[in-house]
Chemist: 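Attaching a single structure in structure tokens format; questions to follow.
Being a predicted model, the structure only gives us computed values, none of them experimental. Start at 1 and go down the list; that is how both ligands and their atoms are numbered.
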Amino acid sequence: MSENKQFSSLSESKQGSWSGKFAFILAATGSAVGLGNIWKFPYITGENGGGAFVLVYLLCIAGIGIPIMMAEIMLGRRGHENPVNTMEDLARQEGASKQWKMLGWMGITAGIMIFSYYSVIAGWALSYFFDALRGVFSGITAELADHHFSGLLGSWTSLLGWHSVFTIMTIVIVARGVRGGLEKAVTILMPALFVMLILMVGYAMQNGEFKKAVNFMFSPDFSQLSGAAVLTAMGHAFFTLSLGMGAIMAYGAYLPKNVSIGATTITIALADTIVALLAGLAIFPIVFSHGLEPSSGPGLIFTTLPIAFGDMPYGSLFAGIFFLLLVFAALSSAISLIEPAVARLTEKRDISRVGATWLVGGLSWLLGIGSVLSFNLLSDDKLAGKTFFDWMDYLTSNIMLPLGGMLIAIFAGWVMQQKSSRDELAMNQLAYTLWLFLTRFIAPLAVFLVLLKVSGVLDAVTG
Ligand code: TRP
């Protein structure tokens with residue numbers, strides 16, 4: 001159980017050095033930047049009509065995501081343990097009900113559910129990495145790119161194979177418990193991904209319908225915005241910042257006491273948002289110049305980016321680099337999805353870290369088979385219009401993460417004494433008041449109203 005404690009006292013003893021703060025920012029940014037930014041953001045933006053959706057998403061990041069991320073880091077730094085025990089301990093300290101630990105359990109469950117399909121999508125990226133190396137994308141047309149992607153989805157054996165490979169890669173890293181290697185690698189890989197994205201935006205500016213894409217992404221047309229779209233935008237704010245399930249709480253224990261939670265949070269949220277917007281600006285110009293559908297769904301980046309790579313000089317090399325970087329971005333996110341579950345198991349049960357990781361990873365792998373089959377054998381088996389994969393994504397991003405985030409905000413804003421939070425956040429009076437206001441009122445109320453609206457209760461009440 002003292003793994004986190006040791007780690008944090010280690011970083012505290014090095015107070016004043018950059019390493020503690022830097023290690024935290026790296027780990028948290030590594031968790032935040034992932035498939036959510038590059039795969040999910042563009043396709044849900046396309047599905048939900050563009051500008052108005054992006055605006056709501058940005059507002060949710062600023063008004064809900066940032067204050068809740070601060071709250072989650074703060075709880076983690078005070079609690080120093082896995083989310084279940086952290087919530088239990090903090091609730092005891094504040095004289096509140098022990099049942100707050102259920103928040104930790106919901107987070108652990110959400111993490112396992114997300115990891116189950118996350119590794120299926122990361123598997124697509126792995127498969128595309130090897131395709132790029134074989135030169136499959138060189139000179140590829142829009143039609144062939146679509147055909148190639150459908151071919152991958154159609155083969156459940158390939159999908160299962162790649163899903164297994166990615167799951168095992170994640171398990172091996174988490175089981176070793178030392179993420180130092182990966183985190184060091186992320187110092188180079190993350191900026192590299194950033195540079196690749198800039199290059200791809202450059203290509204899209206010259207060769208795609210860039211103006212049209214900018215218009216699509218940034219001029220809001222509110223007639224396009226449904227209640228469901230608002231929920232998706234809000235849910236994605238949680239998903240992309242890794243909020244609402246205890247991942248950032250677990251990482252918060254690594255943060256030295258003297259580091260400003262506000263400033264680090266804003267750095268992470270900004271980096272995360274910029275990556276997502278760049279991905280959109282790389283993809284939509286190509287979508288429009290090739291007459292593709294922005295709303296084509298989860299395959300969007302896999303059917304558009306190969307066209308760009310296929311057309312540029314050294315395209316196969318760039319494609320290879322890009323998909324490899326995407327796999328690494330996914331890995332540094334994936335470890336944070338199962339870490340809380342593994343930490344809880346090793347701290348409370350008589351089981352080794354290796355055993356716990358294989359158990360959690362194995363469970364998630366099994367669940368992931370449902371998502372593998374959602375793209376082929378079971379693609380027509382829908383419940384209320386959604387496949388198994390759709391349901392996993394919907395339940396986690398749109399329900400569990402916002403609910404978890406709302407409870408975190410309520411705990412940090414109402415249950416925890418202001419003396420504690422003021423002390424922990426150590427901000428000037430104005431910033432603290434703003435945080436408290438957002439955390440007490442805006443964030444929980446916004447989540448509550450959106451959930452109520454989508455569940456139909458609000459319409460029933462207001463007629
Ligand atoms: N934020 C990651 C992404 O955008 C996904 C992720 C990692 C996540 N850890 C999380 C989402 C915890 C929710 C909760 O790809």
Chemist: For M245, counting its heavy atoms only, list the atoms of ligand 1 lying under 4.0 Å from any of them.
Modeler: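 It comes down to these atoms of ligand 1: 12 (C), 14 (C).
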Chemist: Check each of T232, D393, T45 against K40 using the side-chain hydrogen bond (donor to acceptor under 3.5 Å, both in side chains) test, and report the only one that passes.
Modeler: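 Passing option: D393.
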Chemist: F137 and Y128: aromatic ring centres closer than 6.0 Å?
Modeler: yes
Chemist: Looking at F129 versus W124, is the centre-to-centre ring distance below 6.0 Å?
Modeler: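 Between F129 and W124, the centre distance exceeds or equals 6.0 Å.
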Chemist: Report yes or no: does Y118 have a heavy atom closer than 4.0 Å to ligand 1?
Modeler: yes
Chemist: Among all protein heavy atoms in this structure, tell me which lies nearest to atom 11 (C) of ligand 1, with the distance rounded to 0.1 Å.
Modeler: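 For atom 11 (C) of ligand 1, the nearest protein heavy atom is F239 O, 3.2 Å.
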Chemist: Have a look at A32, G111, S336 and point out the one with the heavy atom closest to atom 3 (C) of ligand 1.
Modeler: A32
Chemist: So, are E81 and R344 salt-bridged, with charged N and O less than 4.0 Å apart?
Modeler: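 A salt bridge is absent here (no side-chain N lies under 4.0 Å from a carboxylate O).
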Chemist: When you compare ligand 1 with L241, is there at least one nitrogen or oxygen pair between them that comes in under 3.5 angstrom?
Modeler: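 So ligand 1 has no N or O lying under 3.5 Å from an N or O of L241.
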Chemist: Any luck finding a side-chain donor-acceptor pair between D272 and T240 under 3.5 Å?
Modeler: yes
Chemist: Tell me which part of T396 gets within contact of ligand 1: side chain, backbone, both or neither, using heavy atoms under 4.0 Å.
Modeler: neither
Chemist: Output yes when the distance from some N or O of ligand 1 to some N or O of L35 is under 3.5 Å, and no in every other case.
Modeler: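 For ligand 1, there is an N or O atom that lies under 3.5 Å from one belonging to L35.
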Chemist: Taking distance alone, with no angle check, do L401 and ligand 1 share an N/O pair under 3.5 Å?
Modeler: no
Chemist: Using the ring centroid of each side chain, check whether F41 and Y57 are separated by less than 6.0 Å.
Modeler: yes
Chemist: Do NZ/NE/NH1/NH2 and the carboxylate oxygens of D89 and R78 come within less than 4.0 Å?
Modeler: no
Chemist: Starting from atom 2 (C) of ligand 1, what is the nearest protein heavy atom, named by residue and atom, and what distance separates them?
Modeler: S31 O, 3.2 Å
Chemist: For atom 6 (C) of ligand 1, what's the nearest protein heavy-atom neighbour? Residue, atom name and distance, please.
Modeler: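 So the nearest neighbour among protein heavy atoms is S242 OG, 3.5 Å.
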